[in-house]
Amino acid sequence: MDLPIWLPPGEDHDLIHGADVSKALAAGLRCRPIADTVADTWAWLSGLDGAPPQRADRPRLGLDPEVEAKLLES
């Protein structure tokens with residue numbers, strides 16, 4: 001799969017997106033509004049001089065440009 005954390009509907013999707021997080025919440029996990037996360041991430045990306053940093057020990061994330069172009073054509 002080329003998109004991180006994306007899973008098609010099915011058992012794996014239900015497992016990752018339906019997990020019980022009550023223990024984490026009880027231990028103090030705070031969830032912030034997605035709009036705040038998007039705004040902060042966009043501000044960070046906009047402030048970078050060039051592309052965002054990429055860890056050398058990890059594969060590049062996202063769709064291969066050729067795969068993306070084919071999907072956009074269809």
Side-chain angles (χ1 to χ4, degrees):
M1 290 196 280
D2 295 311
L3 298 174
I5 307 182
W6 180 86
L7 290 170
E11 185 177 341
D12 289 339
H13 178 276
D14 295 343
L15 180 67
I16 193 169
H17 295 294
D20 179 5
V21 296
S22 60
K23 288 183 181 180
L25 294 170
L29 174 70
R30 293 184 307 139
C31 297
R32 58 188 296 208
I34 189 67
D36 293 351
T37 301
V38 170
D40 288 347
T41 302
W42 183 250
W44 174 70
L45 287 170
S46 298
L48 292 176
D49 187 26
Q54 176 70 34
R55 286 181 51 167
D57 63 331
R58 300 281 176 97
R60 185 148 183 88
L61 299 177
L63 291 174
D64 179 277
E66 290 181 18
V67 172
E68 182 179 18
K70 287 179 183 177
L71 288 171
L72 291 172
E73 287 175 8
S74 61

Open item on the list: Rounded to the nearest 0.5 Å, what separates atom CG in Asp40 from atom CG in Leu45?
Closed with: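 Spacing of CG (Asp40) from CG (Leu45) equals 11.0 Å.
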Task: Pairing residues for Asp12 by the side-chain contact (heavy atoms from CB on, under 4.5 Å) criterion, not counting sequence neighbours - done: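 Here the qualifying residues are Leu7.
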TODO: For Leu72, enumerate each residue passing the side-chain contact (heavy atoms from CB on, under 4.5 Å) test, keeping only those at least two apart in sequence or located in another chain.
DONE: Glu68
Decide if atom [atom1] of [X] counts as having more than 12 heavy atoms of other residues, nucleotides or ligands within a radius under 6.0 Å.
X     : atom1 : result
Trp44 : CH2   : yes
Asp57 : CG    : yes
Glu11 : CD    : no

Task: Ser74 side-chain N/O to Leu71 backbone N/O, donor-acceptor pair under 3.5 Å - done: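 Judged by distance alone, yes, a pair lies under 3.5 Å.
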Open item on the list: For a quick test of reading the model, state the closest non-hydrogen atom pair linking Leu29 to Leu25 and the distance between them.
Closed with: O-CD2, 3.6 Å
